[in-house]
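Just so it is clear, the structure is predicted and the values come from calculations on it, not from any experiment.
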Amino acid sequence: MASHLRLHLAAPPPPALRQQHLPRLRLPRPPRLPLLSLPSPAVPSSLRPRVLSPAPARARVGGAEAEDSDGEGDAGGLVGEDSAVFRLADQRVASWAYFAGILSVVLYGLNVLWIDPATGVGTGFLDAVAALSDSPEVVLLLLTLIFALVHSGMASLRETGEKIIGERAYRVLFAGISLPLALSTIVYFINHRYGGVQLWDVKGVSGVHELVWLSNFVSFLFLYPSTFNLLEVAAVDKPKLHMWETGIMRITRHPQFVGQVIWCLAHTLWIGNSVAVAASVGLIGHHAFGVWNGDRRLASRYGEAFDVLKKRTSVVPFAAIIDGRQKLPDDYYKEFIRLPYITIVALTLGAYFAHPLMQAASYRLPW
């Protein structure tokens with residue numbers, strides 16, 4: 001009986017039964033889409049297949065993670081980089097020791113080759129420019145113009161220059177030429193800031209000193225974020241053209257321009273003469289050009305990602321926030337509680353108390 005049952009179970013089904021099951025086995029199977037396949041640009045975003053995961057899909061844009069959105073983005077999806085991030089675990093003692101060594105060499109070389117009247121060429125450069133006019137206003141504008149042409153010109157040629165000599169070498173060349181010219185302009189302004197024609201004097205007006213001090217303090221909070229990585233400044237880390245998006249960048253896309261305007265207005269109000277006005281005109285003009293040139297370079301490097309950033313930020317402080325294009329996250333304040341911002345606050349306070357030393361050092365130079 002058992003053997004008969006086994007033979008019965010093992011026997012093939014009758015032909016009629018096989019024909020009934022045959023159509024079901026031959027039903028066409030739907031095409032399988034790869035899990036990570038990207039939709040065609042022509043397919044509407046609402047029909048795009050998405051990966052089911054707890055976090056939204058992200059792409060690497062400009063060195064930062066960006067959300068896979070329809071282009072407008074939001075407060076949580078960055079197309080640029082999270083600025084002022086400093087992780088102690090990522091730092092290497094050797095890198096900072098190298099930075100300190102480079103800084104010492106640069107300062108020594110700057111003193112010998114440019115500052116020291118006995119060995120440097122800085123005095124000869126200032127004398128040559130000053131020989132063009134007896135007006136301190138004209139000389140100051142010429143110095144600012146020379147610096148602006150070199151600084152902005154080399155910034156514009158950065159991409160080409162880096163391809164020829166490399167990122168680090170070009171950064172060293174850029175700093176080696178720009179730094180002496182900037183120093184000469186600053187020292188000349190300090191030494192001649194009370195020359196020219198006095199236009200107003202409000203030093204004795206109550207509250208003006210406090211207003212000027214506060215304005216200068218705020219100006220440095222805007223001026224500093226032109227770079228957040230000091231190791232890149234010294235070319236210890238490979239320099240990059242960054243597209244920052246958090247922190248001060250949410251308030252204004254060009255904080256250095258805004259900071260320079262605040263600094264110029266504060267100093268012009270306090271000094272109140274034609275030399276201060278000339279300095280402000282030159283510096284604000286240079287940084288206004290930098291707004292256009294900076295946007296042009298970022299658009300060339302990052303393309304559509306920069307278009308998204310440009311739409312949700314503004315040059316005028318707080319404008320994008322007020323009209324709703326910039327949506328601040330709930331914990332926005334945390335973007336400022338970072339070591340680079342804390343450091344610049346400390347350095348700004350230190351620079352204020354070091355003003356007498358800076359002035360004394362400038363007076364020692366025949367500039």
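- Formation of a donor-acceptor pair under 3.5 Å by the Ser314 side chain with backbone atoms of Ala320 is found in this model.
- When side chains are defined from C-beta on, Gln198 does not count as touching Ile271, because their heavy atoms never get closer than 4.5 Å.
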Identify all side-chain donor-acceptor contacts of residues 185-192 below 3.5 Å with residues at least two apart in sequence or on another chain.
| unit_1 | atom_1 | unit_2 | atom_2 | d |
| --- | --- | --- | --- | --- |
| Thr185 | OG1 | Leu181 | O | 2.9 |
| Asn191 | ND2 | Ser362 | O | 3.0 |
| His192 | ND1 | Tyr188 | O | 3.0 |

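- Side-chain contact between Ile115 and Thr123 is absent, with no heavy-atom pair separated by less than 4.5 Å.
- Open room surrounds CZ on Arg364; 12 or fewer heavy atoms of other groups in view lie less than 6.0 Å from it.
- Residues Leu328 and Ile321 meet the side-chain proximity criterion, which asks for heavy atoms closer than 4.5 Å.
- With contacts defined as side-chain heavy-atom distances shorter than 4.5 Å, the pair Leu221/Val345 qualifies.
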In sequence, state the C-alpha distance, the side-chain angles, and the governing distance for His209 and Trp213, and then conclude on ring pair (Phe, Tyr, Trp, His ring centres under 6.0 Å).
CA-CA 6 Å; His209 180 270; Trp213 188 94; 8.2 Å; no

Next on the checklist: Test side-chain contact (heavy atoms from CB on, under 4.5 Å) on Phe306 and Asp295; report intermediate values, then the result.
Outcome noted: CA-CA 8 Å; Phe306 177 70; Asp295 280 356; 3.3 Å; yes

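- Residues Phe222 and Ile251 have side chains in contact (heavy-atom distance under 4.5 Å, counting atoms from C-beta outward).
- Residue Asp331 qualifies as enclosed at atom CG: its count of foreign heavy atoms under 6.0 Å is above 12.
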Output side-chain donor-acceptor pairs under 3.5 Å for residues 347-360, partner residues at least two apart or in another chain, one line each.
| unit_1 | atom_1 | unit_2 | atom_2 | d |
| --- | --- | --- | --- | --- |
| Thr348 | OG1 | Ile344 | O | 2.6 |
| His355 | ND1 | Ala351 | O | 2.9 |

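- Once rounded to the nearest 0.5 Å, the distance linking CG of Leu179 with CG of Leu107 reads 8.0 Å.
- When side chains are defined from C-beta on, Met243 does not count as touching Arg301, because their heavy atoms never get closer than 4.5 Å.
- Between His254 and His287, the ring centre distance reaches or exceeds 6.0 Å.
- Heavy atoms of other residues, nucleotides or ligands lying less than 6.0 angstrom from CG of Asp330 number 12 at most.
- By the 4.0 Å N-to-carboxylate-O rule, Arg92 lies too far from Asp237 to be salt-bridged with it.
- Using a 4.5 Å heavy-atom cutoff, the side chains of Tyr170 and Ile164 are not in contact.
- Of the listed residues (Arg171, His242, Lys238, Lys240), just one forms a side-chain hydrogen bond (donor to acceptor under 3.5 Å, both in side chains) with Glu232, and that residue is His242.
- Listed by chain and residue number, Glu162 satisfy the salt bridge (charged side-chain N to carboxylate O under 4.0 Å, His left out) test with Arg158 (two or more places apart in sequence, or in another chain).
- With values rounded to the nearest 0.5 angstrom, Leu283 atom CG is found 10.5 Å from His267 atom NE2.
- Within the 3.5 Å criterion, the main-chain N or O of Asn216 finds a donor-acceptor partner in the side chain of Ser219.
- Aromatic rings of Phe125 and Trp114 (six-membered ring for Trp) have centroids within the 6.0 Å cut-off, being under it.
- The closest side-chain heavy-atom distance from Glu81 to Glu245 is not below 4.5 Å.
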Subject >> Evaluation steps, side-chain hydrogen bond (donor to acceptor under 3.5 Å, both in side chains), between Arg312 and Gln326 >> reply: CA-CA 5 Å; Arg312 61 191 186 194; Gln326 174 63 233; over 6 Å; no

Just do the side-chain contact (heavy atoms from CB on, under 4.5 Å) check on Leu231 and Gln91 with the steps written out, would you? CA-CA 10 Å; Leu231 296 181; Gln91 307 304 308; 4.2 Å; yes

